[in-house]
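Below: the structure, in C-alpha cells.
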Amino acid sequence: MLSKPQHGWTDFSLGKSCYSLSYLSNIPLEWLDRAIWGLETLLPFEVSGYCEPGRMVCTVEFSECRIFFENDKHIKEDCSYETVPISMLDFCQRLHKDISAYIDDWQNWNSSFHLTKEDLTLRLDRLQKLIDIKTNCFQ
C-alpha cells in the first residue's frame, strides 16, 4: 500500500491507482493517528497526501475505501473516485505492516517534522493492540 519512502516521496497504491505522495504531509504520524482513531471508534476516517500538484484523499470506511484525487481543493467537481473493497481493519493492518517494515526510513521522512523512532513505535504498538482486539471481535 505504501512503498518504502525515498527522498521525501512514497507511493500509495490501493485498487487500480498509484499516487506518488510527497514530504509535505506528515504521513507516518498523521496516518497512524487517524487509523488508531478509526479503530477505536469504528467511524470513517480520512488519510491524504500531496502529489504536487493535487492531493490524494482516501476515506476509510468499515467495509471499503474510497479514493479520490483533487486537482484543486476548491473544485470538488474536478475529482475522480475509486471504491476499493478493503475494510478498515485490512487497511490498518496494511498501514501497520508498511510503516513497520521501513520504520527507520519513515523516521527520516521529513526532518522538519522532528519524528523520533519512539513516536512511531508508540503509535504502531497502539495500532497493533487495536488490530488484535478488533480481529478477535470479528472472528
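Only this structure's heavy atoms are used, side chains among them; waters, hydrogens and symmetry mates stay out. Note that the structure is a prediction, hence the values are computed from the model and not measured.
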Full working for side-chain contact (heavy atoms from CB on, under 4.5 Å) between Y23 and H7
CA-CA 8 Å; Y23 62 90; H7 312 294; over 6 Å; no

Okay, side chain of N136, backbone of D132: is any donor-acceptor separation there less than 3.5 Å?
yes

side-chain contact (heavy atoms from CB on, under 4.5 Å) assessment of N26 paired with L115
CA-CA 9 Å; N26 192 348; L115 286 175; 3.9 Å; yes

Which atom of [X] lies closest to which atom of [Y], heavy atoms considered:
X    : Y    : value
S25  : G49  : OG-CA, 3.9 Å
T116 : Q107 : C-CG, 4.0 Å
N110 : S112 : OD1-OG, 2.7 Å
D119 : R123 : O-NH1, 3.2 Å
G15  : V84  : CA-CG2, 3.9 Å
T10  : P5   : CB-CA, 4.3 Å

Given the rule that I, L, V, M, F, W and Y join up when any side-chain heavy atoms are under 4.5 Å apart, are L95 and L43 in one cluster?
yes

Distance alone, cut at 3.5 Å: any donor-acceptor contact between the side chains of T83 and E64?
no

So, do [X] and [Y] sit near enough that their side-chain heavy atoms are less than 4.5 Å apart?
X    : Y   : result
P44  : F62 : no
I99  : I27 : no
L124 : H96 : yes
W9   : E52 : yes

Quick one, M88 with F45, criterion side-chain contact (heavy atoms from CB on, under 4.5 Å). Give me CA distance, side-chain angles, the key distance, then yes/no.
CA-CA 9 Å; M88 182 183 294; F45 64 93; 3.8 Å; yes

How are the rings of F69 and Y19 set relative to one another: parallel (under 30°), tilted (30 to 60°) or perpendicular (over 60°)?
parallel

From CA spacing to verdict: side-chain contact (heavy atoms from CB on, under 4.5 Å), R94, L14:
CA-CA 10 Å; R94 291 173 187 220; L14 195 65; 3.6 Å; yes

For a ring pair (Phe, Tyr, Trp, His ring centres under 6.0 Å) check, start with the C-alpha distance between F113 and W106, then their side-chain angles and the critical distance, and finish with the verdict.
CA-CA 11 Å; F113 292 132; W106 283 112; over 10 Å; no

Hey, would you say the Y102 and W109 ring centroids sit under 6.0 Å apart?
no

Ion pair check, K16 and E82, cut-off under 4.0 Å
no

The test is salt bridge (charged side-chain N to carboxylate O under 4.0 Å, His left out); show your working for R66 and E61 and say whether it passes.
CA-CA 8 Å; R66 285 181 294 125; E61 298 183 359; 2.5 Å; yes

